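Numbered from 1 within each chain, the chains take letters A, B, ... in sequence-line order. In this text, all values refer to a predicted model and were calculated from it rather than measured experimentally.
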Amino acid sequence: MAVRLCDVASLLRSGSWSAEPWSGQVIAAMETQLSNGPNCTSNGPNSISNNCTSSAEPPDGGEDSKTNLIVNYLPQNMTQEELKSLFGSIGEIESCKLVRDKITGQSLGYGFVNYVEPKDAEKAINTLNGLRLQTKTIKVSYARPSSASIRDANLYVSGLPKTMTQKELEQLFSQYGRIITSRILLDQVTGVSRGVGFIRFDRRVEAEEAIKGQNGQKPPGATEPITVKFANNPSQKSSQALLSHLYQSPGRRYPGPLAQQAQRFRLDNLLNMAYGVKSRFSPVNIDGVTSLAGMNLPGHAGAGWCIFVYNLAPDADESVLWQMFGPFGAVTNVKVIRDFNTNKCKGFGFVTMTNYDEAAVAIASLNGYRLGDRVLQVSFKTNKTHKA
DNA sequence: TGCAATT
């Protein structure tokens with residue numbers, strides 16, 4: 001067995017293999033995030049202009065108002081446990097809820113995290129807003145107190161001038177009330193506005209006034225009138241979308257799925273040479289049962305693949321691990337190992353990822369990565385319990 | 001050169 005994973009890594013790095021541009025993009029995105037902190041840049045597949053509208057400050061009133069957060073744009077496959085694990089890395093959580101479709105049980109891509117301490121809620125916004133997870137960039141903001149008056153306050157706006165920016169859209173609608181979020185949908189290929197957007201107001205009555213005031217009107221300088229109406233309820237849509245999805249070809253959901261899948265297959269071949277493993281994209285497992293040969297491989301830990309991360313700084317925390325590994329795929333858990341007395345990181349940590357191929361790309365890409373003034377060493381976890 | 005577990 002001559003081929004090892006580090007050879008895959010060197011292939012990735014050397015550019016002699018075609019996945020280089022992809023992993024390079026992931027690293028570039030990650031570096032932006034690690035060096036610049038949270039941001040509000042665009043959000044994956046569905047494409048969307050920036051959305052930094054709401055909630056730098058907690059809403060008034062209620063006991064929960066300074067501790068309760070809403071988290072938007074979560075990856076579809078993220079579970080409530082993973083949400084809790086991610087936000088639990090900041091501070092003690094009082095409660096945590098991932099919102100699911102009532103019928104299908106599918107995640108609606110958002111949830112709530114209520115901390116015990118207001119300062120942890122603030123810290124979570126500062127450190128986790130803008131975190132990239134898979135193809136998403138999550139948004140973390142204070143939740144507004146739940147009430148009937150804030151429901152159904154989302155508007156769908158079409159016929160917008162292609163030149164209109166999100167800021168201009170907000171300016172047009174801000175006269176009717178407090179805007180919670182806004183967005184303009186962009187063409188996935190050209191990045192140009194599709195002339196369609198959404199405005200969510202704080203209260204339904206504000207949205208109603210905006211319809212009365214703007215539906216059928218021409219924005220300043222525009223030649224055509226715009227249409228303003230209540231947006232479809234997304235929870236109805238998602239179960240429909242899910243059903244139709246089953247009967248349709250995958251379509252173009254985000255940039256380059258075919259290319260990525262092709263890359264995965266090529267990666268598969270390399271990994272197969274290295275470890276004799278086939279990933280979930282491989283056609284090999286005819287009976288759908290994972291080969292027992294995989295059971296003794298490094299890192300394989302029941303559910304998912306455990307990754308050892310060495311040379312973390314004493315002040316490293318879980319959020320840095322989420323930031324580094326999240327973009328590569330499904331991460332179920334991260335852990336920084338600390339000294340019991342000093343509570344400082346002992347220099348290493350662990351990350352559990354669901355899929356072998358994503359874990360392998362993360363390792364190949366992050367091993368040797370410079371974090372601050374340290375060079376990380378990243379590999380599958382081994383069993384060093386009874387050292388010889 | 002280091003692979004946890006006060007859940």
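Per the geometry, CG belonging to A/Asn333 stands 11 Å off C1' belonging to B/dA4, to the nearest Å. The interatomic distance linking A/Ile363 (CD1) with B/dC3 (P) rounds to 17 Å, in whole Å. As a whole-Å value, the separation of A/Leu312 CG from B/dA4 P is 14 Å. Following rounding to the nearest Å, A/Ile337 (CD1) and B/dT6 (P) show an atom-to-atom distance of 9 Å. Atom P of nucleotide B/dA4 and atom CD of A/Glu318 are separated by 16 Å, given to the nearest angstrom. Separating the CG atom of A/Asn341 from the C1' atom of B/dA4 is a distance of 16 Å, rounded to the nearest angstrom. Remark: P of B/dC3 and CG of A/Leu321 are 17 Å apart, rounded to the nearest angstrom. One can place CD of A/Glu81 at 13 Å from C1' of B/dT7, the figure rounded to the nearest angstrom.
For A/Lys212, the side-chain hydrogen bond (donor to acceptor under 3.5 Å, both in side chains) test picks out A/Glu209, with sequence neighbours left out. Residues meeting the ring-ring contact (aromatic ring centres under 6.0 Å, His included) test with A/Phe230, sequence neighbours left out: none. When the side chain to side chain contact (heavy atoms under 4.5 Å, CB included) test is applied to A/Asn114, the partners found at least two apart in sequence or on another chain are A/Asp64, A/Thr67, A/Asn68, A/Glu94, A/Ser95.
Ring stacking holds between A/Phe350 and B/dA4, with the centres under 5.5 Å apart and the planes within 30 degrees of each other.
Residue A/Lys381 has its side chain nearest to B/dC3 when only B/dT1, B/dC3, B/dA5 are considered. Of the listed nucleotides (B/dA4, B/dT6, B/dC3), B/dT6 has the atom at the smallest distance from the side chain of A/Phe340.
Listed by first and then second residue, the salt bridge (Lys or Arg N to Asp or Glu O under 4.0 Å) pairs involving residues 223-232 of chain A amount to none (not counting sequence neighbours). Applying the ring-ring contact (aromatic ring centres under 6.0 Å, His included) definition to pairs two or more places apart or across chains, none involves residues 169-195 of chain A.
Residue A/Phe308 is in base contact, counting any heavy-atom pair closer than 4.0 Å across all strands shown.
A donor-acceptor pair shorter than 3.5 Å cannot be found between the side chains of A/Glu82 and A/Thr332.
Non-hydrogen atoms lying under 4.0 Å from DNA chain B are contributed by nothing in residues 86-95 of chain A.
A salt bridge links A/Glu318 to A/Arg338: one of the charged nitrogens lies within less than 4.0 Å of a carboxylate oxygen.
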